[in-house]
Amino acid sequence: MASSPVARATGRVAVPVLGLFWLAVTTVPFLFMVMTSFKSQQESFSSSVWALPEALDLVNYNDVLSGPFLTYFKNSVMVVVISVLLIMLISSMAAFAFARMRFRFNEAIFGLIVAGMIVPIHITLVPIYLMTRQLGLYDSQFALIGPYVATSLPISVFILTEFMRQIPKELEEAARLDGCGPFAIFFKVFLPLSGPGLSTIAIYNGIMLWNEFIFAYVLTSSTGTRTLPLAIWDYQGQYTANIPAILTVVTLTSLPLVVAYAFGQEKIVKGMMAGSLKG
Amino acid sequence: MTKITLSGVNKSFGANFPVIRGVDLTIDDGEFCVFLGPSGCGKSTLLRMVAGLETAYTGQIQIGDRVVDKVEPADREVAMVFQNYALYPHMTVYDNMAFGLRQAKTAKDEIERRVKEAARILQIEPLLDRMPKALSGGQRQRVAIGRAIVRQPKVFLFDEPLSNLDAALRVHMRSEIATLHRNFPAASMIYVTHDQTEAMALADKIVLLHAGKDMLKHGSIAQVGKPLDLYHRPRNLFVAGFLGSPTMNFLEASFVAQEPAGARVVLKGGEEIVVPVDGSALASGAPVTLGVRPEHLAPVAAPGAQTLTRKVSAVEHFGEYSFVYLDGGTPAPLIAKVPGDGGVKAGDSATYQAPADCCHLFDADGLALNHI
Ligand SMILES: Nc1ncnc2c1ncn2[C@@H]1O[C@H](COP(=O)(O)OP(=O)(O)OP(=O)(O)O)[C@@H](O)[C@H]1O
Ligand SMILES: [Mg+2]
């Protein structure tokens with residue numbers, strides 16, 4: 001972009017300022033959450049919201065961790081891992097077919113699947129609830145996997161199809177000459193080369209599903225089957241809420257994502273960009 | 001037996017976009033055959049049909065004694081080298097070369113033996129552990145060739161393998177491909193290029209393909225033959241104009257009479273030239289085109305038999321030889337390629353002799369008249 005010196009100078013100031021502003025917007029709630037998780041219930045009411053905790057009090061953590069938190073955690077991990085693996089497998093196979101195979105109605109079916117992105121999940125809640133009951137899966141962790149996979153597929157298929165369209169046709173042809181059938185071409189050439197695309201959908205869906213609330217709320221009801229976003233339920237009564245405990249749960253829930261981001265930052269950013277960059 | 005036979009092959013993309021028309025062609029055992037032609041004439045398509053990557057054609061393709069129209073690419077005993085190399089980016093050089101053999105469930109030590117052997121021939125042994133992205137263009141090219149060699153195919157297929165290399169490397173790799181052909185005398189090779197120098201240098205047989213209207217009118221094949229046959233005895237105006245650089249000079253002329261020594265024609269400038277061809281089917285005064293290559297126009301001191309005198313419009317010097325541009329060619333200016341500085345300058349009038357043997361005569365349809 002051509003720009004005058006004035007515009008450039010403004011940009012040099014405005015960009016960091018906007019960046020700092022956004023940093024504040026995103027960190028302040030986070031700080032609030034972490035700080036409050038170290039306060040006692042008493043302290044959280046009496047002191048200022050922005051006051052630092054009086055002591056590094058681990059009572060809330062002790063409390064939460066000795067409750068059913070770990071069960072929720074285990075359920076979340078199981079549901080999210082199984083769902084994400086299924087999403088990766090199914091969407092990559094579908095993407096390969098849409099990107100590379102010629103069959104009737106290829107484009108029409110692809111269009112229909114992608115159109116699934118615009119269906120709000122809320123209108124599917126009641127039918128899914130009824131179906132889940134009829135299948136006898138209600139109030140089990142497996143009740144969540146089906147809806148999670150189904151609602152994540154449209155965007156995943158879309159991203160991976162675009163990704164696989166970028167893989168040169170000659171690689172597929174070289175593989176055919178090397179004796180590969182469609183399955184070998186998929187597993188030995190396309191899947192390994194789709195790494196960045198796969199990590200994009202794994203990260204994206206992993207975060208979405210880790211935080212997913214509404215299906216978990218509707219399809220599970222007991223402590224043994226619920227996932228982390230529902231854990232805060234335990235600390236809120238009809239008239240009161242144990243705010244520090246709730247924020248401790250939230251802190252612990254976001255911890256795995258924060259740790260994952262800290263260690264895999266570079267990979268994650270690269271993965272998110274994969275759709276826009278070639279190779 | 002690795003003779004390759006194409007009979008009555010036609011191919012269209014979609015209902016009304018013909019690309020290949022009426023190809024009948026035999027490539028002999030161990031022959032180096034080059035498909036040559038302008039961009040878009042269907043060279044790659046024809047090659048890919050032999051590889052089995054392009055289906056839905058009419059006609060028949062045979063490799064050895066086997067009709068392969070319904071045979072999978074991997075089972076045709078062919079190996080292909082792609083223009084952009086098509087190395088698997090996620091595999092090392094070794095794995096790239098071993099991949100096809102592993103798919104074929106070849107024994108492990110046999111794979112290792114063959115890959116090492118190919119790497120030795122191509123001098124890429126130190127690169128076996130590298131990933132393709134850590135290789136230069138020339139090295140990638142060698143790996144792509146290595147991947148073909150290890151499969152010990154009966155037919156090697158090359159689709160413009162050198163076009164992504166710089167000029168110097170291209171000449172070098174060209175000679176390596178010639179060496180490769182000598183090292184595998186039993187395998188036939190089909191090599192696609194639009195570069196006539198590569199074709200002349202490598203081919204036992206050139207298949208020159210028509211594009212567009214010519215293809216629709218005369219079929220895909222313009223001419224098949226040894227490189228020098230195409231150079232000395234082009235079958236039509238297209239072949240004559242395609243091979244040779246600078247391209248053959250064409251002059252409008254009209255037929256005068258058939259003489260024992262050949263057909264006498266008269267040029268627009270009034271000069272009479274005798275071309276040793278059989279023009280007995282032509283009527284007197286019939287329009288013809290005289291063709292003579294720039295390198296065959298020899299400077300002479302004075303007008304005489306078989307000479308042209310024209311005004312020099314420009315001279316280009318290359319040290320060893322010069323191009324002299326003369327007024328009066330059709331459609332481009334006449335060019336004479338002469339040794340040294342040519343001894344003339346722009347504005348001079350110069351005389352050149354066209355030796356009878358080196359003249360070509362084309363009828364109104366552009367077909368060459370047979371030499372006698
Ligand atoms: N898959 C396809 N679908 C439709 N048309 C195609 C397809 N592949 C090739 N063509 C067309 O067929 C014609 C021949 O293509 P081909 O690639 O064989 O040409 P080529 O002689 O190899 O040219 P080049 O020297 O540019 O590589 C071209 O006009 C091309 O546009
Ligand atoms: Mg081509």
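On a predicted model such as this, the values are computed, not experimentally measured, just so you know. Chain identifiers are assigned alphabetically (A, B, ...) following the order of the sequence lines, protein sequences preceding nucleic acid strands; residue numbering begins at 1 within each chain. Below, all heavy atoms of this structure are taken into account, side chains as well, without hydrogens, waters or symmetry copies.
In this structure, chain B has a heavy atom under 4.5 Å from the side chain of A:Lys169, while its backbone stays farther away. Interface residue B:Arg48: only side-chain heavy atoms are found under 4.5 Å from chain A. Looking at B:Asn84, the atoms closer than 4.5 Å to chain A (heavy atoms on both sides) all sit in the side chain, from C-beta outward. With a 4.5 Å cut-off on non-hydrogen atoms, B:Glu72 touches chain A through its side chain but not through its backbone. Residue contact with chain A, scored on non-hydrogen atoms closer than 4.5 Å, involves the side chain of B:Arg147 exclusively. Using a 4.5 Å cut-off between heavy atoms, B:Leu87 touches chain A through its backbone atoms (N, CA, C, O) alone.
Aromatic pair A:Trp210/A:Tyr148: ring centres not closer than 6.0 Å.
A donor atom on one side chain and an acceptor atom on the other are not found under 3.5 Å apart for B:Thr45 and B:Glu54. Side-chain contact annotation: A:Asn75 with A:Gln141, donor-acceptor N/O pair under 3.5 Å present.
The candidate with the highest count of non-hydrogen atom pairs below 4.5 Å against chain B, out of A:Gly179, A:Ala174, A:Pro168, A:Gly181, is A:Ala174.
Among pairs with a residue in residues 61-96 of chain B, those fulfilling ring pair (Phe, Tyr, Trp, His ring centres under 6.0 Å) read B:Tyr88-B:Phe99, at least two apart in sequence or across chains.
Applying the side-chain hydrogen bond (donor to acceptor under 3.5 Å, both in side chains) rule to B:Lys205 yields the partners B:Glu31; only residues at least two apart in sequence or on another chain are considered.
Note on ring orientation: taking the six-membered ring where Trp is involved, the planes of B:His181 and B:Phe32 are perpendicular (angle over 60°, cut-offs 30° and 60°).
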